[in-house]
Each structure stands twice: as C-alpha cells, then as structure tokens.
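Notes follow the structure.
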There are 2 protein chains.
Amino acid sequence: MPVVPVERGPVDPLDRDGDLPLHEQVERQLREGIQAGRIPAGAALPSTRALATALDVSRGVITEAYGQLASEGYLAMRQGAPVRVAAAVQQRPREPARSLHPTFAYDLRPGVPDLAGFPADAWLRSLRAAWRQAPFATLGEPDPRGLPQLRETLAAQLARSRGAAADPEHLIVCGGFRAGFVELCRLLARTGADRVAVEDPGWHPARLAIEQAGLGVVPVPVDADGLRVDALHDVRAVLVTPAHQFPTGATLSRERRAALVQWASDHDALIIEDDYDSELSEQRPGAVQGLAPERVVLLGSASKRLAPGLRLGWMLTPSWLTWPLTTTRAVEATGGDVITQLAFTDFLERGELDRHLRRMRTQYASRRAALLSALARRLPQLTVREAPPAGLFVLAEGEIDEHAMVEHAAQHGVGVEPLGLHRFEPGGSTGLVLGYGALAEPALDRAVELLSNMLPNAPSQV
Amino acid sequence: MPVVPVERGPVDPLDRDGDLPLHEQVERQLREGIQAGRIPAGAALPSTRALATALDVSRGVITEAYGQLASEGYLAMRQGAPVRVAAAVQQRPREPARSLHPTFAYDLRPGVPDLAGFPADAWLRSLRAAWRQAPFATLGEPDPRGLPQLRETLAAQLARSRGAAADPEHLIVCGGFRAGFVELCRLLARTGADRVAVEDPGWHPARLAIEQAGLGVVPVPVDADGLRVDALHDVRAVLVTPAHQFPTGATLSRERRAALVQWASDHDALIIEDDYDSELSEQRPGAVQGLAPERVVLLGSASKRLAPGLRLGWMLTPSWLTWPLTTTRAVEATGGDVITQLAFTDFLERGELDRHLRRMRTQYASRRAALLSALARRLPQLTVREAPPAGLFVLAEGEIDEHAMVEHAAQHGVGVEPLGLHRFEPGGSTGLVLGYGALAEPALDRAVELLSNMLPNAPSQV
C-alpha cells in the first residue's frame with residue numbers, strides 16, 4: 001500500500017484568513033483528492049500529529065477532519081493502524097460540462113424563432129412585477145395545473161386570440177408542447193389506447209414522443225386541405241395541426257374541420273390540436289377546440305411565440321381529462337417555476353405578448369419574402385407551393401438527394417431539415433423544410449447561396 | 001330555430017377609439033357569445049345589412065366578421081339562407097380558476113420551509129444578472145440535462161457541500177425530487193425492473209411515484225441507525241434518505257453506509273439517495289454517492305433549501321444512466337426555464353445559497369427548540385426521540401388516534417401529518433410528523449396549544 005509522503009503531504013497550505021474553518025479546509029482537500037484519485041483507495045494518510053506539524057495547526061484540527069471523513073466513509077480508522085483511504089471508495093475523473101445541441105452559422109431549421117427579437121426588457125419588467133405582487137406563499141408547492149392567476153389570464157388570451165373555449169379550470173400549464181403531449185400519451189396508454197394517428201408528413205419529434213409513451217403511430221395522409229379525415233381509421237386519438245400543417249403549410253379546410261369534429265364524436269375519439277404558431281400568421285382560423293371543447297385538447301406553447309428556453313406551454317383539456325392529468329401531475333410534482341408563471345401572467349396582462357406577436361408577424365413576413373426570392377433566384381430546382389403565408393418555415397420541394405444536401409449544408413454551417421425526416425410512409429416528394437425565423441434577410445440570402453453551391457447548374461454556378 | 005333580435009342585436013356597441021379593428025370587435029363578441037351559450041347553436045344571426053345598420057358600421061365590417069367566424073367554423077353560411085350558428089358548436093359555461101392546495105393558519109406539515117425567509121432580493125439580483133450574461137442563443141432549445149454553466153457550478157457546489165463525486169457531465173437538472181425520481185422509475189421499469197425498495201416508515205409521496213411508474217414497492221424496516229440494510233431483499237433499486245431519514249430523523253450509520261454500498265455492488269443494484277435537506281443540519285455526513293458514484297443516484301432539490309415553487313432539482317447519476325435519461329428527456333423536451341437556471345447559476349456563484357443556508361440553520365434550530373419545549377409543556381403524551389437535531393421536522397410519537405388528531409387539527413387551522421401516512425406495513429407506533437420550518441416561535445407554541453386542546457388531561461386543560 002502506498003503511503004502518502006508527509007513532507008509535501010496530501011494537503012496544501014491552509015488559508016488562515018478564509019471564512020472556512022481549518023478542519024473543513026483539510027476535509028475538503030482530502031475529500032477532493034480522494035474523489036479525483038490523487039489519493040488512491042487504500043493509501044495510508046499521515047498520522048494526525050505528523051500532518052498537524054506539516055500544516056502547522058493543532059492536532060485537534062486534523063483529528064476533527066479525519067473523524068468527519070471517516071463518518072462520511074472516505075477513511076477507514078482502526079486502533080493502532082494508520083488511517084487509510086477506504087477500499088470501498090470509487091473514484092472518477094472530472095470532465096467539463098458540454099452541451100448537446102448542434103449550432104449552425106446559418107440556422108434554417110424550422111421552428112427556431114428570432115431569439116434576438118425576444119422582448120427582454122418587457123420580460124424583465126414582468127419578472128420584477130411578479131415579485132411585487134406575489135405573496136411569499138406563492139413560493140410554496142404550486143397547483144399542479146399551474147398558478148390560478150396564470151390560468152385565468154391565459155384562458156382569456158386563448159379565447160381572444162385563438163377563439164378557444166377556454167375554461168381556466170381545464171387549462172393546464174405545462175413545459176411546452178412535447179411535455180404536455182407525452183403526458184397525454186401516457187394517460188391514453190394507461191386507459192387502454194394502443195395507437196395515435198398522426199399527419200403524414202408530420203412533425204417527427206411527435207412520433208418519438210408517442211413511441212416513448214409505449215403507443216403505436218398510425219400515419220394518415222395530408223393534402224392541400226390538411227389532414228385527410230376520410231382516411232382516419234380506428235384510433236382513440238389523432239394529433240393534428242389544423243391552423244398550419246407541419247411541414248406542408250396547409251390549412252385544414254372548413255369542411256375538414258367539421259368532418260374531424262364529427263369523426264371524433266362518432267368514434268368517441270380525442271383530437272389533439274397542436275397549435276404551435278397560429279398567431280404568427282396574418283390570416284388564421286380559430287382553434288378547432290372552440291368547436292368541440294369536450295373532444296379536443298388544445299396544445300400551445302411560448303416556444304415559437306417567444307422562445308423555447310422559457311419552457312412554457314399550455315393544454316386546454318376536455319373536462320373529463322382534466323382530473324386524471326392533474327392527479328398524475330400532483331404525484332410527479334410536474335410543473336414549472338412559479339416566478340416564471342407569475343412573470344408570464346403579468347406579460348400577458350400588459351398585452352406584451354400581443355405586441356410582440358404583431359411585431360414578429362411583420363418581421364417574419366419580410367424574412368419569408370427574402371427567403372422565397374433567394375430560393376427563386378438561386379435554387380430554381382426547389383419550388384415552394386404557396387400555401388397562405390404563415391409562421392416560420394416553408395416547404396421547398398424538388399428532385400434532390402436530401403441526405404447529401406443536409407450533409408453539405410451542415411459542412412458549410414447551414415442547418416436544414418429534409419422533408420423525409422418528417423415522413424412516416426416511404427416515398428413521396430423530396431425537399432427541404434426551411435425555417436426563416438432566426439435569420440435576417442442578408443443572412444437568408446447567403447444561406448441559400450451556400451445551399452445552391454452544391455446543386456448542378458444552379459445559377460450561381462453558371 | 002330562434003332568431004337573434006336585431007334591435008338589441010347579439011353585439012354590444014363597438015369601441016371606435018379602441019386599437020382593435022371594428023370587424024374584430026364584432027368577431028370577438030359573437031365568438032364569446034356563442035361559446036358562452038348566449039347565442040345558441042343553430043340560432044340565426046341578423047343579415048349583414050341589418051347588423052351593420054344596428055351597429056352603424058359599413059356592411060363590409062359585418063361581412064368580414066361573419067366570414068372569419070365561418071372560416072373558424074362557428075357560423076354556417078348557405079346561399080340565400082340566413083347565417084346561422086353552426087350546429088356542431090359545443091358550448092360550455094366558464095368557472096373561475098381555483099387552486100387545489102389546502103392552506104392552514106398554522107402549517108405544521110413537514111417539509112414546508114420558511115418561505116418568508118426566501119432571499120427575494122438576492123434572487124431578483126441573480127435574475128437581472130442572468131439577463132446581462134446570457135447570449136440570446138441561450139433562449140433556444142436548452143440542453144435536456146440543463147444549462148452547462150449551471151451543471152458546472154452546481155457540480156462544484158455538491159462536491160463542496162455534500163462531498164459528492166460531482167461530474168457536470170452526469171449531473172441532470174430536473175424539476176425537483178419527485179420529477180427526477182419518476183424519470184428514474186420509468187427508466188428502471190423500461191429496463192425490466194419490477195420493484196423498488198423503500199424505507200418503512202418512509203416518505204409517502206415516493207410510493208405514489210413508484211406505483212405511477214408501474215413498479216411495485218418493497219418496504220424495508222428502519223431503526224435508530226437508519227435503513228436495515230440486512231433486510232434488503234432481491235430488488236434492482238432502493239430509495240434511501242441516509243443523511244436524515246424521513247420521518248424518523250435517524251442518520252444512516254457509518255457501518256450501514258458501507259454495507260449499503262457493498263449490497264449494491266453485490267447485487268448490481270442502484271441506490272437512489274434522497275438528499276432533501278442535509279445542509280439544514282449542523283452536523284451532516286457527506287453523500288453516500290461520493291463513496292460509489294457508479295452505484296448511486298444523488299437526488300436533491302431547492303424545495304427545502306430555498307422554496308418548492310422554484311421547481312429546481314438535480315440528479316447526479318452513474319455514467320451508465322446518464323444517456324438513457326438524457327435521450328428520454330430530449331424526446332420529451334423535459335426541462336425548466338433557462339432564465340431560472342441562469343439565475344440559479346449566478347445565485348450559487350455569489351455564494352448566496354450557502355449564505356441563505358447558514359442563516360436558515362440558526363433559525364430552524366431555534367424554531368425546533370421552541371417546538372420541542374412547547375411539546376414538552378403542552379403535549380407530554382407525545383415524545384420526540386432526540387436524533388441529532390436536523391432539518392425541518394420532528395417525529396412526535398405517542399398513543400394517539402392519528403386520524404382524529406389530524407381532523408381536529410385541521411378544524412382548528414393546524415396542518416399536521418400522521419406518522420401512519422408514511423408507514424407501509426400496518427402497526428408500529430403512532431404519532432405526528434411535525435414541521436417547524438414555516439412558523440415563528442410564538443406561532444409554533446400556539447399551534448401546539450391548539451393541538452393539545454383535544455387530548456385528555458393535557459396540562460392546558462387542567
């Protein structure tokens with residue numbers, strides 16, 4: 001067994017002016033040394049007297065430190081034997097923290113809003129206001145559905161801006177679309193559902209969430225009028241994006257909206273309405289939920305409307321779903337920071353969200369125009385079927401090798417998503433889903449230029 | 001079918017100075033009227049000309065409004081026929097938002113910290129600082145494990161304050177103990193585990209979380225040295241509170257700590273260490289996780305240390321668990337507001353948490369003393385086995401009718417929890433788990449007096 005030399009010792013000189021007691025300084029140095037493997041398991045430590053002398057402290061300091069570390073299990077002390085690092089201690093080296101997310105110089109992935117446009121001052125104002133208004137009790141265990149005042153304000157907002165039948169008692173604040181959607185899927189699974197129908201093409205991450213909840217995915221085709229309701233088969237639930245189909249951009253037609261609600265009551269099925277970006281479009285139909293509040297869950301979030309990082313979302317649920325969801329949330333203590341909820345309440349009450357959305361609509365419209373003209377000039381191989389202009393992305397279809405295109409784009413610092421990523425059944429057209437929310441007009445043009453460089457006889461190559 | 005009279009009309013006079021276009025004002029009034037049932041399904045609306053005249057607006061305003069509502073599905077328009085409210089529309093009256101949580105004039109439930117002691121100014125300072133430091137990109141889709149800078153800072157904090165082997169790469173920021181614990185249980189269930197061992201008596205909500213994840217609960221007895229490790233049977237995981245057993249207050253002895261780690265490696269089992277309040281005790285052993293980072297998940301949260309409403313927690317996981325948990329979180333987009341995470345990072349870096357905890361330790365110690373003396377004076381029927389003073393609660397045992405006592409207490413505005421709530425096997429001693437975190441000394445005395453009033457020949461009755 002190695003013996004840690006006393007003269008240098010396992011402990012560096014102590015900070016006698018620090019506010020940390022000497023024995024605690026010794027403890028920490030030894031603990032960290034042991035954890036980092038600098039002091040190996042089984043190694044003998046200097047006697048208390050020897051280390052006390054080496055550090056020029058009273059012997060009691062070392063006795064205290066050894067005692068504490070022994071009580072924590074780092075040291076083994078036996079009468080008459082030298083103090084040793086416990087053999088049981090397992091050691092692991094440190095690594096620095098990393099983030100998992102890819103970053104692109106030009107991020108054309110759909111659904112990334114303009115983060116630089118985030119109304120930081122207004123939000124900070126609302127954070128401050130949240131403090132002034134909140135009684136301390138608000139910092140206690142929060143209502144699993146979210147703060148009542150937020151549910152009141154948000155319900156009114158959804159009724160106004162989305163034409164939703166918004167009852168605060170059936171409004172649940174969640175961590176965003178996926179967080180809420182997974183809760184729904186798990187509940188459906190517990191109540192005997194085995195499959196959820198989705199739009200094809202449709203938003204890929206939703207598929208992962210459904211499968212993670214242990215449910216099967218039933219793809220249903222989409223056309224220019226949105227979900228092919230006539231193709232809906234025997235499922236207990238369907239996920240649909242009526243206001244702005246992802247990724248085709250289609251709007252669910254009036255006839256289809258009626259048919260969908262009819263289908264749901266005929267089959268006693270649940271419609272899960274993903275309302276991710278409606279207010280970002282000039283002309284937008286109200287939520288289907290307003291037509292049939294007992295058949296539809298309306299899911300929305302601040303991710304596209306403000307910023308994904310806020311992790312703020314909402315579920316407007318049929319009354320029969322509210323309690324199962326609430327009790328589940330209560331057991332798991334699901335829910336977000338109450339201070340963020342208070343800030344969002346104030347933010348809505350001041351009309352800051354409406355103000356922000358109005359500004360963003362104009363900005364996104366001009367970015368969309370810039371992207372379309374860049375595509376027309378530089379990538380004539382790709383065509384955008386002009387659905388009513390809406391939201392944060394366009395679908396650019398064309399005869400391309402999606403995989404090669406995405407690879408090439410990434411190599412040149414451009415982030416794009418292939419249409420194929422969001423297809424469930426193989427085949428169909430190829431193309432790219434291009435988001436224009438995050439980039440200013442010149443950057444959009446540059447990004448498209450970089451994309452075009454790989455395609456044969458694109459104008460910029462001629 | 002009823003016809004809505006024109007003279008009064010379904011629409012109140014419009015606000016001509018408001019910033020809302022006239023047609024939108026008409027839309028909203030009609031939409032809300034239909035949803036609230038004031039305008040019944042099937043009802044015929046006035047002709048565009050008639051309503052325009054009644055409201056003294058151009059006919060185009062009404063045409064626009066009817067068109068929008070028709071496209072949203074609220075109105076059915078057929079050539080030559082009057083415009084009618086769609087038959088499909090389902091209507092539901094509003095209720096005001098309610099909160100689910102009981103409130104007590106004197107809250108003696110364990111685990112409620114002193115919310116009035118929350119360092120509001122320091123937290124607001126950290127919120128402001130978070131803004132100054134954060135690049136806008138931080139507001140994008142966050143790392144599912146939590147922001148890297150928070151994981152770095154929190155890891156260092158856990159190494160220092162809890163003697164944990166804290167690697168930021170294996171630290172996951174979650175929404176509190178239960179949120180993280182349920183994620184773990186679900187993962188264990190997916191990987192074939194069927195049961196989780198728990199301390200008996202032990203924290204009741206953990207049982208609900210285990211069962212909700214579809215796992216069985218195996219109660220293991222607890223004595224003065226904490227979990228009876230020798231009674232651990234063939235399970236894949238055990239939930240334990242080594243630093244401060246809930247609700248007995250025992251500390252897991254040094255021998256038991258070693259035996260627990262040994263058991264885990266012998267049985268290839270996982271130790272889930274619930275480290276809910278250690279820093280609130282004067283003398284506290286380091287985390288068991290530090291002894292065996294690949295065998296232990298260390299779970300902690302800000303709930304007792306700061307406030308439950310922050311919904312801030314952390315999991316320090318064995319490296320083999322980090323990726324399964326992370327991918328699950330990525331699919332479900334689990335995670336909290338990045339601004340809260342940034343604020344917490346700054347809060348930790350300024351040493352505000354340590355400062356707060358130091359202040360709280362003193363305050364809780366004196367509240368504990370006040371509760372104990374009140375119990376001795378007013379409720380001699382109850383005895384507190386003096387484990388080393390720690391945390392936020394005491395277990396007061398005695399021959400009482402727990403149910404009647406809790407009922408009586410609630411009727412008098414006192415919130416208490418019966419020991420039986422946290423027992424898994426029937427039998428054993430009776431008593432109350434009394435929290436003293438939330439009440440000042442005089443209130444504690446008053447609360448105990450209210451409790452004592454129901455017991456026969458309590459001194460205050462003599």
Side-chain angles (χ1 to χ4, degrees), chain A residues 31 35 71-73 88-90 92 94-95 97 99-101 115-116 118 120 124 127 131 136-143 148 151-152 160 163 165 167-169 176 178-179 182 208-209 212 254 257-258 261 285-286 290-294 307-311 331-333 335-338 340, chain B residues 28 31 35 71-73 88-90 92 94-95 97 99-101 115-116 118 120 124 127 131 136-143 148 151-152 163 165 167-169 176 178-179 182 208-209 212 254 257-258 261 285-286 290-294 307-311 331-333 335-338 340:
Chain A
R31 195 189 284 115
Q35 287 169 3
S71 76
E72 294 178 12
V89 175
Q90 294 171 30
R92 184 171 64 185
R94 289 275 187 81
E95 304 157 25
S99 177
L100 295 175
H101 288 292
L115 299 174
F118 182 80
L124 186 54
L127 279 169
W131 276 119
F136 277 110
T138 319
L139 289 167
E141 195 76 23
D143 185 316
R151 287 186 281 118
E152 284 277 6
R160 276 199 320 280
D167 178 343
E169 279 301 287
R178 276 184 284 174
V182 165
L208 302 177
Q212 190 148 289
R254 187 194 311 184
R257 291 161 65 93
V261 171
L291 299 174
E294 290 298 318
L310 293 179
R311 282 286 177 260
V331 167
E332 303 181 11
D337 176 12
V338 293
T340 306
Chain B
R28 292 184 180 190
R31 195 189 285 114
Q35 287 170 2
S71 79
E72 294 178 12
V89 175
Q90 294 170 29
R92 184 171 64 186
R94 292 273 186 82
E95 305 156 25
S99 178
L100 295 175
H101 289 293
L115 298 175
F118 182 79
L124 186 54
L127 279 169
W131 277 118
F136 277 109
T138 319
L139 289 166
E141 196 76 22
D143 185 315
R151 288 186 281 117
E152 283 277 5
D167 177 343
E169 279 301 284
R178 276 184 284 175
V182 165
L208 302 177
Q212 189 147 288
R254 186 195 313 185
R257 291 162 64 94
V261 170
L291 299 175
E294 290 298 318
L310 293 179
R311 281 286 176 261
V331 167
E332 304 180 11
D337 176 13
V338 293
T340 307

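Throughout, a chain's letter reflects where its sequence line sits, starting with A, and its residues are numbered from 1.
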(request) Not counting sequence neighbours, which residues clear side chain to side chain contact (heavy atoms under 4.5 Å, CB included) with Glu141(B)? List them please. (result) His101(A), Arg178(A), Pro308(A), Arg311(A), Ala333(B)

(request) Tell me, out of Thr340(A), Leu310(A), Thr138(A), Val331(A), who's got the most heavy-atom pairs with chain B below 4.5 Å. (result) Val331(A)

(message) So which residue, Gly309(A), Ala307(A), Gly176(A), Ala120(A), ends up with the most heavy-atom pairs under 4.5 Å with chain B?
(response) Gly309(A)

(request) Let me know if Ala258(B) has heavy atoms under 4.5 Å from chain A in its side chain, its backbone, both or neither. (result) neither

(request) Compute the ring centroids of Phe136(A) and Trp131(A), then answer whether they are less than 6.0 Å apart. (result) no

(message) So Asp143(B) and Arg151(B), do their side chains get closer than 4.5 Å, heavy atoms only?
(response) yes

(request) Find the one option among Val338(B), Leu127(B), Asp337(B) whose heavy-atom pairs under 4.5 Å with chain A are most numerous. (result) Asp337(B)

(request) Looking only at non-hydrogen atoms, find the nearest pair between Pro285(B) and Arg257(B) and report the distance. (result) CB-NH1, 3.7 Å

